[in-house]
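Below is one structure; the comments refer to it alone.
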Amino acid sequence: MTKIYQLPKSVSNQIAAGEVVQRPSSIVKELLENSIDANSKNIKIIIKDAGKQSITIIDDGVGMNKEDSLKCFNRHSTSKIKKAEDLFKIKSMGFRGEALSSIAAISDVIIQTKTKNNENGYEINIRDSKIIKENEISKNLGTTIIVKNIFFNIPARRNFLKSNPVELKYIIDEFIRLALSNHHINFILINNEIEIYNLKNSNLKKRIISLFKKNYEQQLVSCNEKFGDISISGFIGKPENSKKTRGEQFIFVNNRFIKNNYLNHAIFKTYQGLIEDKKYPFYILFIEIDTAKVDINIHPTKTEVKFEDEKLLYNLMNSSVSKSLGTHHIIPSIDFNADINFNNKVVIDYDKNKYQNTQLNSSKNQKEWQNIFNEAKIENSNTRKIFEDDSIEIKNNPIQVLENFIFKQLGDKLLIFNNKNCQQTILYEKFEKSSLNSYSNSQQNLFPKYIEFNNSDFQLIKEIINDIKSIGFDIDFFGKNSIVVNGIPTGLDDINEEEIIESFIEEIKNNNQNLKAEKKEIILKSISKNAQILNKKKLNTEEMKSIIDRLFACNNPKYSPDGKLNFIELNNSKIENLF
Ligand code: ADP
Ligand code: MG
């Protein structure tokens, strides 16, 4: 008896769909790519409940005749390639012929389409990969596809979908990528009857401005380089406009958005030293390359590609971006002589100062040493008591070493505190405590601060606004894509509201979580990491003592919110072993 069965079409399509359709945004991407490949000039996307209820895409492209519209739902049916060699000459977005079959395997689909040579259009209803109705209709040129009941037959997938703002964010992200690379097309995106974008055909610069913010006009620096048959073009952002959150970095290869960390690194590297740590520059760069030198057939979603010579591209990206920054006078011109003199001067001054200080303070220093010695003697005689009581008694003064470390002798132990981790813990627990109260203390800003976000990040703000409020930020929505910050949590002096909220968004993006408790924890971690008030300056004795006291008043003094040690203990034998 045979054991091997040929799986029915609906099952094999469902298996393939697993890779093509992960969430509503995958459907939006695939349908938009089809409309673009069909040479549409106008594309309208209407979604309900972030695509969970329905996705409708209306285009005015070439359309399909009756025969093609019946075929297009079969797996591996495509009008875009015919033979294997064509895989290396691809100019269209699609070519694998598996999007429509995958979508039809996991949802209800209606397609209405008409070509210019047919008087009437054709409509097909399809469910579970089976045609349930087909008929002629009167229709304008182009194709309309309506997708409903996504994942109706895969409950695990449906339940796995995130909240509407998060799913909408994914859709907006896909939309932005395609709207950037197709700025000659008019696009409208509507969710729950609210128009999110209405983009008129334009050049790349204008498209960028209408997709992001108006003030981007001043931030954009053009980039245009040609190296043999490879060209790199687009815009990069000025270093001072970099953000604490990722999401405005785009690389396109032959007009296809790709994800490639190696090439991203080539760009980040050129900004090194020009932007702060953990900030990300803006860039939208298009690589044009011979289609034979790049393989896009790596994954069904086609965002990964393999280059014949990736190293060469790395170097080209790096040098194009450096050149752009240089020609726009963003990197200061380098005068090697001046540079060397400058360095020498700094070192000499520094040494001289140090020398002078010790000279001047030598008698004071001696006294201090004596004090430390005396205190240590007292401490020693108390050693037993301190540890038997198991209470923490701090007598001798802590000292700051190598900027981030605080040394403190306690009985016969030396405690080394990691200042950064300690302050993170203190802040984390402080904000955690205040967020548990029904109201949290906030100090009012003298002037309200207005912050505008891009559409995609704004969806995440909607998702986390209540959690941000709960820790003491007095914020509210203000018009389209903006918030107003009226107050910040008490104890957070000297912060940049925009950067701290960007850092919340970045943490949420990285963690990709959706549970209420976890979101708050992510925000608390982010705020404790970003608001280290005392981290940069030299600490005085009182400040060090206060850090240690406050640390030991915490519920969990041993570990930082990231699970790192806040301090280590060295006793005599441990130190002895180091020698
Ligand atoms: P692919 O895009 O890889 O060819 P799809 O499953 O996405 O595969 O689409 C199958 C075929 O259906 C396409 O090759 C194209 O001929 C046709 N098609 C899909 N969408 C449209 C559309 N909006 N307008 C015209 N033809 C379309
Ligand atoms: Mg396609």
Side-chain angles (χ1 to χ4, degrees), residues 9-10 12-22 25-46 55-84 86-107 109-118 121-124 126 129 131 134 137 139-147 174-175 177-178 181-182 185-188 254-257 291 295-303 305:
K9 195 172 90 178
S10 60
S12 65
N13 282 347
Q14 219 182 81
I15 293 170
E19 285 194 85
V20 182
V21 186
Q22 272 117 32
S25 66
S26 331
I27 297 180
V28 172
K29 170 184 182 273
E30 292 297 334
L31 297 182
L32 274 179
E33 287 187 350
N34 282 345
S35 297
I36 292 164
D37 284 343
N39 287 329
S40 308
K41 291 190 178 62
N42 295 283
I43 303 177
K44 191 169 180 178
I45 305 127
I46 304 167
I55 297 169
T56 304
I57 310 250
I58 305 162
D59 73 39
D60 58 355
V62 294
M64 282 178 271
N65 60 24
K66 175 181 170 184
E67 205 185 336
D68 281 347
S69 65
L70 289 165
K71 272 193 215 157
C72 72
F73 289 102
N74 295 334
R75 194 138 61 93
H76 304 310
S77 21
T78 178
S79 55
K80 297 166 195 175
I81 57 170
K82 287 207 172 85
K83 47 192 186 305
D86 295 344
L87 281 171
F88 301 96
K89 297 180 202 150
I90 290 164
K91 292 260 191 251
S92 53
M93 301 304 292
F95 61 88
R96 296 170 60 115
E98 52 190 5
L100 290 183
S101 61
S102 298
I103 296 167
I106 51 94
S107 60
V109 182
I110 300 172
I111 185 165
Q112 302 164 332
T113 183
K114 183 192 157 319
T115 63
K116 75 173 191 302
N117 298 329
N118 288 84
Y122 207 69
E123 180 181 74
I124 300 170
I126 198 158
S129 301
I131 293 174
E134 53 177 297
I137 49 164
K139 191 196 171 309
N140 297 338
L141 174 71
T143 304
T144 296
I145 298 190
I146 305 159
V147 180
E174 293 292 357
F175 174 85
R177 293 164 187 171
L178 287 162
S181 53
N182 295 283
I185 298 177
N186 297 318
F187 286 100
I188 294 177
N254 295 341
N255 235 29
R256 184 188 304 279
F257 173 79
T291 50
D295 187 0
I296 46 179
N297 192 19
I298 309 288
H299 187 266
T301 57
K302 304 172 228 112
T303 43
V305 297

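Heads up: numbering here begins at 1 and tracks the sequence. Quantities reported herein were computed from a predicted structural model and do not represent experimental measurements. In each ligand, atom 1 is the first atom listed, and ligand 1 is the first ligand listed.
- Side-chain contact between Asp68 and Ser79 is absent, with no heavy-atom pair separated by less than 4.5 Å.
- With a cut-off of 2.8 Å, the Mg ion (ligand 2) has an N, O or S atom of Asn34 in range.
- Closest protein heavy atom to atom 25 (C) of ligand 1: Ala38 CB, 3.6 Å.
- Contact annotation: for Met64 versus ligand 1, heavy atoms closer than 4.0 Å belong to the side chain alone.
- There is a side-chain donor-acceptor pair under 3.5 Å between Asp60 and Asn42.
- Considering only heavy atoms from C-beta on, His76 comes within 4.5 Å of Glu98 through its side chain.
- The backbone of Glu98, and not its side chain, has at least one atom closer than 4.0 Å to an atom of ligand 1 (non-hydrogen atoms only; backbone = N, CA, C, O).
- At the shortest separation from atom 10 (C) of ligand 1 among protein heavy atoms lies Ser77 O, 3.4 Å.
- Looking from atom 14 (O) of ligand 1 to the surrounding protein, the closest heavy atom is Ser79 N, 3.0 Å.
- Taking a cut-off of under 4.0 Å to the non-hydrogen atoms of Phe95, the atoms of ligand 1 that pass are 1 (P), 3 (O).
- Taking each of Asp68, Ile36, Asn34 in turn, the one with a heavy atom nearest to atom 7 (O) of ligand 1 proves to be Asn34.
- Nearest heavy atoms, Thr115 versus Gly63: CG2-C, 3.6 Å.
- Nearest protein heavy-atom neighbour of atom 2 (O) of ligand 1: Lys80 NZ, 2.6 Å.
- Proximity of Thr143 to ligand 1, defined as any heavy-atom pair under 4.0 Å, is confined to the side chain (atoms from C-beta onward).
- The nearest heavy-atom contact from the protein to atom 4 (O) of ligand 1 is Thr78 OG1, 2.6 Å.
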